[in-house]
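Right, one structure below, let's go through it.
A, B, ... follow the sequence lines: proteins, then strands. Residue 1 opens every chain. Because the structure is a prediction, the values reported are computed rather than measured. Just the heavy atoms: all of them, side chains too, but no hydrogens, waters or symmetry mates, feed the values below.
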Amino acid sequence: MTTPPAFELLAEPIRQYLWGEQWESLRDVQERAIPVIVPGDRDVVIGAATAEGKTEAAFLPALTHLLQGDGKGLIIYISPLKALINDQFGRLERLCENLDIPVYPWHGDITQTSKRRFSQRPNGVLLTTPESLEALFCNRGTTVLSFFSTTKFVIVDELHAFIGTERGKQLQSLLHRLERVIGRTIPRVGLSATLGDMSLAGAFLRPKGDPVIVESDAKTLNLMLLIKGYEEKLASKNGDEDPPEIAPKEIAEHLFTSMRGTNNLVFPNSRREVERYAHMLREMCEEANIVNQFWPHHGNLSKEIRAETEQALKQKDATATAICTSTLELGIDIGAVRSVAQIGPPPSVASLRQRTGRSGRRPGEPTILRSYQIEAALDDRSDLATQLRLNTFRTLATILLMTERWFEPPMTSGMHLSTLVQQFMSLIAQHGGIQASAAYGLLCSPGAPFEGLSKANFAALLRHMASLDLIMQDSSGLLLHGRVGERIVNHYTFYAAFTSDEEYRIVTSGKTLGSLPVSQMLASGQRILFGGRTWLVDEVDDVQKVIAVSATKGGSPPLFSGGGGRVHTRVRERMRSLYQGKHEVNFADARARGFVEQGRNSYHRLELDDRIVLDQGSHVLVLTWLGDAGNEALACLLNASGAEASAVELGVEVRKVPGGMDEVMDRIRNVANRPVPHVEELLARASNLQREKWDWALPVSLLQKSYASLYLDIDEAHAWARSILDAQLTT
DNA sequence: GACCTGCTGCGGATTG
């Protein structure tokens, strides 16, 4: 028997709508997703790039399923962004109008009236966020059942954005709790970018589940690639002058000439750099006497300014280029762009893939990526990173891995016990109090989000939370909120699983431009760059947390701090093979090729092929070529054996002891010969382990477990030490 | 440690 074409499986009114919209054919993922979603009895993960029609691949069959039922069913769509919900609402409403299925957006900006309409007749499509769902569980625990009893599907958009985060753990928990309230399994459909291992995305969508994976045909990337190198002269020796910063200007000039007249995206890796380049490019437009076409976009700019940039990109009769952070990495609709620029090393292979995927969407158009790399001029004082041209090699390794279609596997090992604290307090709110055993079953039993946490550990958590007045127990054994817990749960900030810094609002003549984290203090009279323009600080109000500014001219150093991300072992391995290789990098300009040659020369001069340790004066550098999680774990292992070690870019830096290099080798052998220590032992001397929102409410032993699960690859570090020992035994 | 994301209920005033 042959399967009928997917199109014929869709409900009649949906087919009519598609005819009306003049769809010529279904996309590959749609063709394959429709037959598995229509019956409504399987979990499905759809992996494809932006604009390959993932949303329709989920909604067309899900709505078909709804129409084939009694018409009273509900589809819950969960998105990480309000902006995405608003986008989706516009698109879905047109389709659903014809089907007589209501669509309700439900998030923090939606009015009570609109929410009330859904409450009165909860069916159709509900578009919401994890936080709004959390609020429903907390404030209307008793109505969750009546709201959601007819749910046929949960669709999670941008699944990859949830994996490996405390917010993702919260989502898993909410979906699990939802099914426990309703008393049955609800099919889950996850929409994800292409990931290194899609089955891990499935394991995230439903722990211990068995999803159908629908992955987009690996269509070859028609990539046009250019890497340009820029050399920055060193600051003067007396050090009282600002660094010259010629290179960023040269990069801005190249961006200006190669991008004006088309739509593009520029990713300089930090808000600070976004401001710097947006400002330079705006000035260049002024000098050239043309209307500005370069717009900034980042998370601290006000919604209005961001909307202005998105609008500029979308409109047809003028061109625009956005200088942006990862705010434009997710699926917000900004249309196709001609090219993408990456300044400095991309944060990860997966993120670079998402970014470049914004270009070359129209048939026949290539994907254009320009990568700009600044390195300091070499002299006899240059440090190891400069000599090795590390940033250039990291950029190259990341780009090559992308062209080889390798991506970081999603990080699913994190325990995120911070979120266990939240979910436990939320359960108390939902049920008006809960027994410890019931809570343990809901949160930690097989298939639950915190599966694997022992009863003893759970009890230790409850005791600790009680000691902090977060919870208390009544005479019947029922657990309730304590004084502190009551206050926390009854504030709206409780619903988010993640923290954010306290921020100052930047205001000019009554209009909010955006916000700044408080870490940077400002004085009046200072000039700042914000929203691509220069402002004079008139007044800083520490009570209202408002910075009043007025427009001014001239530039000064922008705000925000910069830095790096977490690097996977595979990227470091690829860097090493690039150092060892001889073949030319033929998609780089002369200067970038020069950096490659200089890096390789340094690598061979320092004999890094054979060396494990390198004398750095006061420190010894242990070269591992592992990822950050491996390096950090090795630093912990060495610390536990009495050294003073910390993870750095190429390995672990160890403070020199009287025994010198031999002593360090001894310690590595020691690590290799001993069994892997328990996490408690490993992190016994570590402090400052709190990273997530409720980490402060965890007992030390659980904080250590949670930290280790997120940041340390102990097995990898131990295996590395063993491999060193084995190599020495055989020579 | 880069980047990013999200948020209720209620009371009181104002308006149609």
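Between A:Trp106 and A:Phe89, the distance from one ring center to the other does not fall under 6.0 angstrom.
Between A:Leu133 atom CG and B:dT8 atom C1' there is a gap of 14 Å when expressed in whole angstrom units. For A:Leu81 and B:dC3, the CG to P distance is 17 Å, given to the nearest whole Å. The distance between atom CZ of A:Phe498 and atom C1' of B:dC3, rounded to the nearest whole Å, is 13 Å. Spacing between atom CG of A:Asp109 and atom P of B:dG6 amounts to 8 Å, rounded to whole angstrom units. The distance between atom CZ of A:Phe162 and atom P of B:dC4, rounded to the nearest whole Å, is 17 Å. Between the P atom of B:dG9 and the CG atom of A:Asn139 lies a distance of 5 Å, rounded to the nearest Å. The distance from atom CH2 of A:Trp106 to atom C1' of B:dG6 is 16 Å, rounded to the nearest whole Å. To the nearest angstrom, C1' of B:dG1 lies 8 Å from OH of A:Tyr711.
Residue whose closest nucleotide on DNA chain B sits further toward the 5' end, between A:Ala135 and A:Pro80: A:Pro80. Annotation: of the two residues near DNA chain B, A:Thr493 and A:Arg691, the 5′-most nearest-nucleotide partner is A:Arg691.
Across all strands shown, A:Glu632 has heavy atoms under 4.0 Å from base atoms, whether or not it also approaches the sugar-phosphate. Nucleic acid contact for A:His491: none, since no nucleic acid atom lies under 4.0 Å from a heavy atom of the residue. Nucleic acid contact for A:Arg140: sugar-phosphate only, since backbone atoms but no base atoms lie under 4.0 Å from a heavy atom of the residue.
A donor N or O paired with an acceptor N or O is not found under 3.5 Å between the base of B:dG6 and the side-chain atoms of A:Arg167.
Nearest nucleotide to the side chain of A:Ser270, out of B:dA2, B:dG9, B:dT5: B:dA2.
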**OP:** For the pair A:Glu131 and A:Arg167, evaluate salt bridge (charged side-chain N to carboxylate O under 4.0 Å, His left out) and give the outcome as yes or no after the intermediate values.
**Re:** CA-CA 9 Å; A:Glu131 288 73 18; A:Arg167 203 180 181 202; 2.8 Å; yes
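A:Ser351 and A:Glu329 form a side-chain donor-acceptor contact under 3.5 Å, judged by distance and modelled atom types alone. Between the side chains of A:Gln616 and A:Glu653, no donor N or O sits under 3.5 Å from an acceptor N or O. Residues A:Ser79 and A:Asp157 have side chains that never bring a donor and an acceptor to within less than 3.5 angstrom of each other.
Under 4.0 angstrom from either OP1 or OP2 of B:dC7 there lies at least one side-chain N or O belonging to A:Ser132. Residue A:Lys115 places at least one side-chain N or O under 4.0 Å from the OP1 or OP2 atom of B:dT8. Between A:Lys693 and B:dG6 there is no side-chain N or O to OP1 or OP2 distance below 4.0 Å. A:Arg306 has a side-chain polar atom (N or O) that falls below the 4.0 Å cut-off from OP1 or OP2 of B:dT5. Between A:Thr129 and B:dG6, a side-chain N or O to OP1/OP2 separation shorter than 4.0 Å is absent. OP1 or OP2 of B:dC3 lies within a sub-4.0 Å distance of a side-chain N or O belonging to A:Arg271.
Using the six-membered ring where Trp is involved, A:Trp406 and A:His568 have ring planes that are tilted, between 30° and 60° apart.
Evaluation of A:Tyr492 against the base of B:dT8 yields a stacking contact (centre distance < 5.5 Å, interplanar angle < 30°).
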